[in-house]
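Below is one structure, written out as structure tokens; comments come after it.
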Amino acid sequence: MGAISRRQALVALGGSAAMLGLLEARPRPAAAADEYGSNTELYAAETEGVDFGRRFRRHAAFDDSQAVATALPETLVLALHGGGIEPGTSELCLAVAGYHPATMAGAAPLHDYWMFEGLRSQGNAELHVTATHCDDPVAELLAAGARRAVSLHGCTPAQAGLPSDDDPGVVVGGRDTALKGRLTATIAAAGLTVTVGGREVPVAVVDGATRPLLGGDDPANIVNRTYGGGGAQLELTTPLRAAMFGTNTAAQRKNTTTPLFWNFVAAVREALA
């Protein structure tokens, strides 16, 4: 993939800034199932470090050469509902970005990331802010500075359109149709399975276009607020996420990642390569 020039990036960022202005002008009532209509509302009502936490990493880049173009970091990985909100998505976010969730050891290529995490022992669902209402300033700036983004979410098998509550699956959505296509192909090619009732069940790969509520194609979705104009959204079912950890608790998920976890991460990173 060719390097993005400084001029191209600045022009695209100008367009993203204009889009952000339009999005900020919209009223943001809470989504039907949400307690809060925005991150700003949530931050004013809850306690950081007790109820919720935020983590991000933005990698430095510079170009001091007048002769050779240096590529800008261009990929952002997001987990909007990490921690106890949609368990497993924090760990997936870090790993897809190139960091081991337990040790934070990095493996190239490294990507920028941002996550919001529920830290409560219970009641984390109240901290869910839908992706179209995300107005965290760091998340917005990171998205506006990225050519593409991928977000990790959690859903139920029923929301993914799967017949059984035990079915593992991932819904692939977003406005970046090229990235969406690559993710669909690499995840399907990985041949992922989950043991259910003593038998190996293939992980279903579902087109987000068939699941409108999980499609991730709204321009206001934070994953699509890139200077490239789009991103990809991955919605993993609860059984799939549960099978990715030997001990599925807040304290131990990062220490007990299974081969399924790393095979899924490898497939996503292959699509981002």
Side-chain angles (χ1 to χ4, degrees), residues 53-59 73-119 124 131 138-139 142-143 146 148-155 168-174 176 179-180 182-194 203 205 216 222-223 231-273:
R54 291 174 284 180
R55 288 190 275 171
F56 79 92
R57 186 168 299 208
R58 185 176 188 178
H59 295 89
E74 58 177 25
T75 301
L76 173 65
V77 186
L78 297 159
L80 278 68
H81 310 130
I85 305 172
E86 293 170 358
T89 57
S90 292
E91 293 79 11
L92 285 164
C93 175
L94 290 172
V96 170
Y99 294 93
H100 193 291
T103 65
M104 293 303 292
L110 299 174
H111 305 304
D112 294 349
Y113 65 81
W114 181 89
M115 69 180 76
F116 175 90
E117 300 176 284
L119 303 181
N124 285 289
V138 174
L142 286 171
R148 61 184 182 180
V150 61
S151 59
L152 287 307
H153 294 262
C155 68
V170 56
V171 180
V172 185
D176 186 334
L179 179 56
K180 177 182 169 182
R182 289 196 300 275
L183 285 163
T184 299
T186 57
I187 295 171
L192 306 174
T193 63
V194 172
V203 173
V205 183
I222 187 68
V223 80
Q233 178 170 290
L234 299 175
E235 295 267 2
L236 287 76
T237 64
T238 305
L240 174 56
R241 285 177 286 122
M244 290 180 168
F245 308 98
T247 303
N248 191 14
T249 64
Q252 289 302 318
R253 275 191 292 271
K254 65 183 179 181
N255 298 315
T256 61
T257 48
T258 66
L260 173 65
F261 176 93
W262 292 109
N263 290 338
F264 180 86
V265 167
V268 175
R269 284 174 61 80
E270 180 182 348
L272 294 172

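Hydrogens, waters and symmetry mates are skipped; everything else that's a heavy atom, side chains included, is used.
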* Side chain proximity check, T256 to F245, heavy atoms < 4.5 angstrom -> yes

* Asked: Given side chains that start at C-beta, do those of T75 and D112 come closer than 4.5 Å, heavy atoms only?
  -> no

* Locate the shortest heavy-atom distance separating V194 from A243; write the atom from each residue and the value. => CG1-CB, 3.8 Å

* Asked: Does the side chain of Y113 reach to within under 4.5 Å of the side chain of V96, using non-hydrogen atoms?
  -> no

* Asked: Just checking, is any N or O donor in the side chain of T186 or E270 under 3.5 Å from an acceptor N or O on the other one?
  -> no

* Gap separating the CG atom of L76 from the SG atom of C93, nearest 0.5 angstrom -> 8.0 Å

* Asked: Considering only heavy atoms from C-beta outward, does the side chain of V203 approach that of T237 to under 4.5 Å?
  -> no

* Derivation and outcome, side chain to side chain contact (heavy atoms under 4.5 Å, CB included), residues L110 and H59 -> CA-CA 8 Å; L110 299 174; H59 295 89; 3.7 Å; yes

* **Rounded distance (nearest 0.5 Å) linking atom CG of L192 with atom CE of M244** => 7.0 Å

* Asked: When rounded to the nearest 0.5 angstrom, what distance separates CH2 in W114 from CG in L78?
  -> 7.5 Å

* To do: Grab the two heavy atoms, one from R253 and one from P87, that are nearest each other, plus how far apart they are.
  => NH1-CB, 3.6 Å

* Heavy-atom distance under 4.5 Å between the side chains of P101 and T257, does that happen here? -> yes

* Please answer whether the main-chain N or O of C155 pairs with a side-chain N or O of T238 as donor and acceptor at a distance below 3.5 Å. => yes

* To do: Evaluate whether atom CZ of R58 has more than 12 neighbouring non-hydrogen atoms of other residues, nucleotides or ligands under 6.0 angstrom away.
  => no

* Spacing of R57 atom CZ and L94 atom CG [to the nearest 0.5 Å] -> 8.5 Å

* To do: To the nearest 0.5 angstrom, please state how far the CD atom of E91 sits from the NZ atom of K254.
  => 8.5 Å

* **For Y99 against M104, the heavy-atom pair lying closest together** => CD2-O, 3.4 Å

* Asked: Hey, are the side chains of R148 and L272 touching, using non-hydrogen atoms and a 4.5 Å cut-off?
  -> yes

* Asked: With side chains defined as the heavy atoms from C-beta onward, is the minimum distance between F264 and R241 less than 4.5 Å?
  -> no

* To do: Can you measure from CD (E74) to NE2 (H111) and round to the nearest 0.5 angstrom?
  => 9.0 Å

* To do: Mind listing the closest non-hydrogen atom pair of R269 and A95 along with its distance?
  => CD-O, 3.6 Å

* To do: Locate the shortest heavy-atom distance separating A190 from A267; write the atom from each residue and the value.
  => CB-CB, 4.2 Å

* Asked: Which atoms form the tightest heavy-atom contact between N255 and A102, and what is the distance?
  -> OD1-CB, 3.5 Å

* **Residue pair V268 / L92, side-chain heavy-atom distance below 4.5 Å** => no

